[in-house]
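Below is one structure, written out as C-alpha cells; the observations come after it.
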Amino acid sequence: MTDLTDRIERGRAMMRQLSPRLGEDMADSLQAVAPDFAELLLGFAFADVWARPVLPLRERALVRLGALTALGAPTTATRANIDSALQAGLSPHEVSEAILQTLPYAGFPHVISALEHLRDFMQSSPNPSATPAHRAPEEQSLE
C-alpha cells in the first residue's frame with residue numbers, strides 16, 4: 001500500500017468512527033466535481049488532523065462544534081459534526097451546551113442555526129436512542 005493510499009484508508013477509518021451515518025458518502029458524493037477532494041478530506045482532515053492523539057475525541061468534537069457554530073457552517077457540515085460529537089461520547093445535552101457556549105462569540109443567528117440543526121438531527125435520526133452504550137438513558141434526549 002502506498003503512503004497516500006494508507007493515509008486515505010486511515011482517514012476513512014476515522015471518518016467511519018466519527019460519523020458512521022453521515023460521513024461515509026461525503027467524499028464520494030463530490031467526486032464528479034472535485035476529484036481531489038476525497039484525498040484532502042480523508043488524508044488531511046481525518047488522517048492528519050482528527051487522528052492526532054493529544055486530545056481525546058470528545059474534546060476534539062467540542063472544539064470542532066464551537067468553530068463550526070461560530071462560522072455558521074452549512075447544514076451538511078453541522079449535521080455531520082453533531083453526529084461525530086455524539087459518536088465521540090457527547091450526549092445531546094452536552095452538544096447543546098457546547099453550542100450555547102459559543103453565543104458571546106458567534107452571536108444569536110449562528111447559535112440558533114446550530115441548535116436547529118441539532119434539533120432536526122435528533123428528530124430525523126433513524127434511532128435516536130442508538131448512541132454509544134456508555135451514555136446514561138437520561139442523556140439521550142434534550143428534553
Side-chain angles (χ1 to χ4, degrees), residues 1-135 139-143:
M1 206 182 294
T2 67
D3 288 340
L4 178 58
T5 303
D6 181 51
R7 195 167 160 239
I8 300 281
E9 287 309 310
R10 282 187 296 118
R12 263 191 209 285
M14 179 59 74
M15 180 185 273
R16 280 192 296 271
Q17 180 183 352
L18 293 172
S19 190
R21 288 183 277 178
L22 299 175
E24 192 67 31
D25 298 327
M26 187 185 317
D28 296 336
S29 70
L30 297 172
Q31 185 68 31
V33 294
D36 294 332
F37 180 73
E39 178 184 331
L40 294 168
L41 178 68
L42 297 170
F44 174 68
F46 285 92
D48 294 347
V49 178
W50 259 88
R52 291 174 59 84
V54 177
L55 295 176
L57 282 177
R58 286 175 51 88
E59 281 75 9
R60 286 180 264 168
L62 288 169
V63 169
R64 197 161 73 167
L65 279 172
L68 290 171
T69 299
L71 291 169
T75 303
T76 303
T78 301
R79 287 177 58 95
N81 286 286
I82 287 169
D83 184 42
S84 69
L86 296 170
Q87 292 302 315
L90 294 166
S91 70
H93 183 72
E94 290 172 316
V95 171
S96 174
E97 184 61 28
I99 293 168
L100 284 174
Q101 288 295 315
T102 68
L103 186 59
Y105 315 102
F108 280 94
H110 289 323
V111 169
I112 290 168
S113 178
L115 290 172
E116 288 173 341
H117 292 317
L118 174 60
R119 178 202 61 213
D120 294 348
F121 181 83
M122 296 307 295
Q123 290 174 348
S124 70
S125 178
N127 185 2
S129 63
T131 55
H134 66 276
R135 275 193 240 137
E139 294 179 331
Q140 300 283 335
S141 74
L142 293 174
E143 302 173 344

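What you see is a predicted model, and the numbers here were worked out from it, not measured in a lab. Keep in mind that the numbers below use all heavy atoms, side chains included, and drop hydrogens, waters and symmetry copies.
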With heavy-atom distances below 4.5 Å as the criterion, would you say the side chains of [X] and [Y] are in contact?
{"X": "Asp120", "Y": "Arg79", "answer": "yes"}
{"X": "Glu9", "Y": "Arg12", "answer": "yes"}
{"X": "Trp50", "Y": "Arg64", "answer": "yes"}
{"X": "Ile99", "Y": "His110", "answer": "no"}
{"X": "Gln87", "Y": "Leu18", "answer": "no"}

Please name the residue in the list Val111, Leu103, Asn81 that meets the side chain to side chain contact (heavy atoms under 4.5 Å, CB included) test with Thr69.
-> Val111
Between [X] and [Y], what is the shortest heavy-atom contact and its length?
{"X": "Ser96", "Y": "Leu115", "value": "OG-CD2, 3.8 Å"}
{"X": "Arg52", "Y": "Asp48", "value": "CG-O, 3.1 Å"}
{"X": "Leu68", "Y": "Ala77", "value": "CD1-O, 4.3 Å"}
{"X": "Leu62", "Y": "Ala98", "value": "CD2-CB, 3.5 Å"}
{"X": "Ala61", "Y": "Ala85", "value": "CB-CA, 3.7 Å"}

State whether the side chain of [X] and the backbone N or O of [Y] hold a donor-acceptor pair below 3.5 Å, judged by distance alone.
{"X": "Thr78", "Y": "Pro74", "answer": "yes"}
{"X": "Thr102", "Y": "Ala70", "answer": "no"}
{"X": "Ser91", "Y": "Glu94", "answer": "yes"}

Is it true that the side chains of Arg60 and Ser84 contain a donor and an acceptor less than 3.5 Å apart?
-> no
Atom pair [atom1]/[atom2] of [X] and [Y] - distance to nearest 0.5 Å:
{"X": "Phe121", "Y": "Leu86", "atom1": "CZ", "atom2": "CG", "result": "6.0 Å"}
{"X": "Asp36", "Y": "Leu41", "atom1": "CG", "atom2": "CG", "result": "12.5 Å"}
{"X": "Ile82", "Y": "Arg119", "atom1": "CD1", "atom2": "CZ", "result": "11.0 Å"}
{"X": "Arg7", "Y": "Phe46", "atom1": "CZ", "atom2": "CZ", "result": "13.0 Å"}
{"X": "Asp83", "Y": "Met122", "atom1": "CG", "atom2": "CE", "result": "10.0 Å"}
{"X": "Glu116", "Y": "Gln123", "atom1": "CD", "atom2": "CD", "result": "11.0 Å"}

